[in-house]
Amino acid sequence: MRTMVQPGLFTDGEVPTLLGSRCTACGAHHFPRHDTCPYCATEDPVPVELAGSGTLWAWTAVTSPPPGYQGEIPYGFGIVELPEGIRIIARLTESDPAALAAGQPMELRIVALHADAEGNDVVTYAFAPGAP
Amino acid sequence: MRTMVQPGLFTDGEVPTLLGSRCTACGAHHFPRHDTCPYCATEDPVPVELAGSGTLWAWTAVTSPPPGYQGEIPYGFGIVELPEGIRIIARLTESDPAALAAGQPMELRIVALHADAEGNDVVTYAFAPGAP
Amino acid sequence: MTGVVIAGVGMHPFGRFEGVTTTDMGVHAVRAALHEAGVARGGFQAAFCGTAYGGVATGHKVLSRLGMTGMPIVDVEAGCASGGAALMLAAGALAAGQYDTVLVFGTEKMPRGIIRSSFFDPWQEEAGLAATPSFFALRAQRLAVTSGVTKDHLAQVVVKNRRHGASNPDAMFQKEITPEEVLASRVICEPLHLFMLCSPNEGAAAVVLRRQADSPGSPPPRSPPHVTLAAAVLRSHLPGSVLSESTPMSGLTDDAVPSPTTLAATAAFEEAGLGPADLDVVECQDTDAARELISYEEIGLCAPGGSAALLASGDTALGGRLPVNPSGGLLSKGEPLGASALGQVVELVRQLRGQCGDRQVDGARVALSHTVGRGANAGVVILTR
Amino acid sequence: MTGVVIAGVGMHPFGRFEGVTTTDMGVHAVRAALHEAGVARGGFQAAFCGTAYGGVATGHKVLSRLGMTGMPIVDVEAGCASGGAALMLAAGALAAGQYDTVLVFGTEKMPRGIIRSSFFDPWQEEAGLAATPSFFALRAQRLAVTSGVTKDHLAQVVVKNRRHGASNPDAMFQKEITPEEVLASRVICEPLHLFMLCSPNEGAAAVVLRRQADSPGSPPPRSPPHVTLAAAVLRSHLPGSVLSESTPMSGLTDDAVPSPTTLAATAAFEEAGLGPADLDVVECQDTDAARELISYEEIGLCAPGGSAALLASGDTALGGRLPVNPSGGLLSKGEPLGASALGQVVELVRQLRGQCGDRQVDGARVALSHTVGRGANAGVVILTR
Ligand SMILES: [Zn+2]
Ligand SMILES: [Zn+2]
């Protein structure tokens with residue numbers, strides 16, 4: 001069985017998506033979903049599914065486990081720019097910084113973090129190098 | 001073996017004493033020892049041994065273990081007035097509030113709290129009903 | 001007088017709310033207060049957030065969620081008086097002309113179970129001296145000596161406040177209780193029984209303050225009667241009393257040292273140009289039943305030693321001369337540290353506006369809020385209309 | 001101008017001090033500052049204490065030990081900018097005429113090991129996204145793109161600050177380091193190596209502020225040259241940057257949103273009636289080596305994109321046109337959150353007085369202190385003599 005690290009962040013289907021929102025007043029996109037637009041304080045953003053692919057904007061690798069993390073190290077950590085005009089903080093499947101390049105295509109994946117007490121795989125969103 | 005819950009608070013001899021200080025400027029007594037008088041801010045209190053007996057000023061009993069406490073419950077908890085003109089918060093050996101009375105004589109005792117990891121008795125100061 | 005008016009208030013009920021975060025509650029209260037004040041994004045220039053357990057950047061998380069950041073946001077911790085401290089800072093900054101409009105809020109989810117306070121040293125814990133309710137019990141016992149307070153009086157405080165709280169939709173306990181039920185609850189520390197102690201819990205409260213000079217000549221359409229902040233004072237303890245909220249290990253036999261509450265109340269009355277006789281309604285610290293009675297004496301609602309008699313007279317119950325804790329007090333509401341002082345202010349603003357329904361104090365024009373807690377800090381706020 | 005002067009400063013060295021408590025360190029720093037200001041018991045009317053990990057009533061414990069309580073004591077938490085927030089509140093209250101003299105101090109013992117911040121949600125921790133140094137690394141990597149900053153530049157920041165710190169008796173590391181040693185330390189997160197990150201540690205700092213109107217016409221005998229608080233500003237973040245200290249999970253591709261540091265610096269320069277060109281010495285946030293370079297650009301010490309060139313010019317080293325972090329910065333001193341901002345102020349006051357010996361910036365007359373941390377909060381203080 002798979003269990004999401006947090007409900008409401010992403011869908012875990014064949015083609016996964018990130019669950020964001022869009023402000024109907026200023027047009028900005030948000031991730032995770034907001035009930036108030038952080039950019040203009042309008043209170044009625046609409047839920048949207050964000051694009052599943054984007055380009056790499058910044059990246060590094062985490063080499064020792066941060067607080068509360070039980071998965072494997074090292075892992076990639078970076079920022080992916082989506083066509084909606086937003087940048088997302090995310091895990092990267094590639095943990096060798098030298099194997100990545102600015103602007104390269106990235107695709108959304110759902111990846112396993114660790115097994116929980118019931119033996120379920122806890123999964124989260126991540127980006128992987130994609131087809132050019 | 002016995003070990004003090006905190007060094008510098010009391011002596012653990014045949015006739016135990018509380019280790020206080022006295023302000024040479026305003027004459028007030030302190031417990032525990034202070035390096036600055038809390039009452040007049042003078043910086044040179046002198047160390048003194050406080051009287052080993054006093055009178056009961058207020059008391060109750062603790063019936064469930066407070067945070068960080070590993071000893072037995074219930075135990076007495078109260079305030080004893082010493083002839084130096086100070087009132088001391090202390091454990092009481094008597095845990096039945098009905099067995100105590102305002103103004104009754106109290107005597108200093110060193111009592112065991114619990115055994116530490118090495119099997120030593122951790123001891124602290126307490127007051128017991130004394131001879132009238 | 002501070003020259004500051006209350007432009008709006010908001011509240012998240014006090015209680016236990018599974019799945020609702022500290023931020024969620026803060027957003028709820030702040031949104032309500034801003035709405036009432038007619039203040040939108042950009043309409044205030046600083047924010048003060050009271051919290052004790054909210055953690056890093058509590059205020060920022062609330063305002064980020066609302067899309068309202070950029071201004072100074074300061075998180076303030078002053079124990080039970082956190083909200084009072086935040087109000088004092090905000091009022092001072094407004095009076096200085098630093099800002100025109102300031103947001104003050106508090107939000108808190110108290111940990112469950114016995115709360116381990118970082119206030120005590122490890123040896124105090126190990127020796128069993130970090131027994132918070134015991135200190136309350138010793139104060140209650142002394143009150144029997146100085147003021148003739150009996151267990152029946154203590155039960156009566158609970159009965160009164162729970163009766164008041166029964167009509168407060170923001171209270172945790174909205175149900176009356178009998179003296180017999182109070183005295184049948186288990187003894188925590190003689191003379192205090194379980195129901196004589198308030199419950200640590202969760203909640204949020206928010207207040208928008210505005211400089212009077214910048215207030216419109218007539219209140220905006222949505223606005224109820226103008227409430228003015230006549231004083232907001234914070235004081236710490238002076239050494240001397242072994243039973244002070246500063247929780248020392250010793251004290252003097254000299255009983256003449258004023259409490260932090262007396263220091264704060266005296267300064268607040270002076271700032272407001274008012275005295276105890278001018279008060280119509282009071283919200284005071286009732287962490288335990290005895291604490292309410294001590295507050296009567298320390299604030300000056302009665303002479304020293306007179307608290308049992310004042311309670312017995314019925315004056316401090318709804319319908320009496322000077323209702324105390326018409327909200328139900330902490331004994332009905334519970335105590336979310338960072339929010340409790342502002343929760344009192346919200347209640348009193350609503351009392352002064354005449355919005356309190358069944359628990360309304362008729363014609364209230366002058367109100368006092370009082371909190372005091374470990375540190376020690378005492379906060380006293382006086383409001384008028 | 002705030003109309004406020006620095007009457008005295010004091011400091012407990014930054015480092016690791018086994019058996020010395022948060023209170024002990026605060027007492028040490030406060031006592032020194034009060035002594036320098038010639039202020040005794042009763043000589044100040046309010047106290048503001050910055051701390052993040054000190055726990056309940058941190059300020060009260062320090063002042064209780066000194067026998068100086070009764071006045072309002074407020075504990076302030078604003079992350080790395082806690083001290084800056086406390087200074088801003090104190091300066092505002094003095095300017096408002098609420099007080100004549102105010103004590104501001106910060107004291108901190110940071111937990112050892114990886115610090116678990118309550119800032120992040122549990123799911124962020126579980127997903128490995130609560131990786132604080134990684135955010136710093138991403139900022140450093142972007143700085144390579146926008147400003148041509150290389151690993152050699154990052155190493156050079158460390159070398160410069162450690163050289164400065166070698167003559168600071170209050171610093172944790174008082175030993176120079178070579179670029180080779182920096183680059184040989186292990187990689188924490190590309191491009192950041194271990195020695196490019198500051199160490200969380202322990203320490204305290206204190207400042208006594210006085211309203212100018214109440215200062216004696218001529219400084220008291222013991223007093224060194226008068227230092228004036230020209231500005232003390234705190235700002236939070238505006239949303240937009242995914243790499244903001246507010247640590248959002250997403251941001252916009254719009255890069256035009258000003259950082260909290262830029263907001264605070266702009267407001268501080270305006271309040272002081274000064275600009276970056278007027279500065280003689282700066283202490284800025286160097287949590288990591290890249291952060292110092294980002295600070296150059298955000299404060300306006302150089303144009304956007306110019307930080308690598310400014311560093312390479314040698315201008316920001318001791319002996320250069322505008323020395324930055326003459327104290328050695330956090331890279332030499334370590335970072336006790338609640339004390340770090342006031343530690344900068346202590347250093348700058350001593351620089352303006354000409355008391356800094358081997359690390360003295362000759363003839364310094366205008367100084368700027370800058371801190372920024374999670375929240376986000378940025379504090380900027382400008383001092384002049
Ligand atoms: Zn919007
Ligand atoms: Zn003295």
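Since we're looking at a predicted model, the values are computed, not measured. Below, each value reflects all heavy atoms present in this structure, side chains not excepted, and no hydrogens, waters or symmetry copies. Convention: sequence-line order gives letters A, B, ...; per-chain numbering from 1.
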J.: Shortest non-hydrogen contact from Ala376(D) to His60(C)?
T.: O-CD2, 3.3 Å
J.: How long is the gap from OG1 on Thr69(C) to CG on Asn377(D), to the nearest 0.5 Å?
T.: 11.0 Å
J.: Can you give me the closest heavy-atom contact between His237(C) and Ser64(D), atom names plus distance?
T.: NE2-OG, 3.0 Å
J.: Please classify the contact of Ala86(C) with chain D as side chain, backbone, both or neither, using a heavy-atom distance under 4.5 Å.
T.: neither
J.: Quick one: of Ala78(D), Pro72(D), Gly59(D), Gly55(D), who has the most non-hydrogen atom pairs under 4.5 Å with chain C?
T.: Pro72(D)
J.: Heavy-atom cut-off 4.5 Å, strictly under: side chain, backbone, both or neither for Pro239(C) against chain D?
T.: both
J.: OG of Ser246(D) to CG of Leu63(C): how many Å apart, nearest 0.5 Å?
T.: 12.5 Å
J.: Are any of the side-chain heavy atoms of Val74(C) and Met88(D) separated by less than 4.5 Å?
T.: yes
J.: Rounded to the nearest 0.5 Å, how far apart are NZ of Lys61(C) and CG of Asp121(D)?
T.: 6.0 Å
J.: Check whether Leu89(C) gets within reach of chain D through its side chain, its backbone, both or neither, counting any heavy atom under 4.5 Å.
T.: side chain
J.: Walk me through whether Val76(C) and Phe48(D) qualify under side chain to side chain contact (heavy atoms under 4.5 Å, CB included).
T.: CA-CA 10 Å; Val76(C) 174; Phe48(D) 295 87; over 6 Å; no
J.: Measuring from atom CE of Met71(D) to atom CG of Leu263(C), what distance do you get when rounded to the nearest 0.5 angstrom?
T.: 11.0 Å
J.: Applying side chain to side chain contact (heavy atoms under 4.5 Å, CB included) to Thr51(C) and Glu77(D), what does each step give before you reach the verdict?
T.: CA-CA 10 Å; Thr51(C) 192; Glu77(D) 197 278 310; over 6 Å; no
J.: Given the options Asp75(D), Thr58(D), Ile73(D), Thr21(D), which has more heavy-atom pairs under 4.5 Å with chain C than any of the others?
T.: Asp75(D)
J.: Grab the two heavy atoms, one from Gly70(D) and one from Arg235(C), that are nearest each other, plus how far apart they are.
T.: O-CD, 3.1 Å
J.: Restricting to non-hydrogen atoms, name the atom on Gly375(D) and the atom on Ala57(C) that form the minimum distance, rounded to 0.1 Å.
T.: CA-CB, 3.5 Å
J.: What heavy-atom pair brings Ala96(D) and Gly92(C) nearest, and what distance separates the two atoms?
T.: CB-O, 3.8 Å
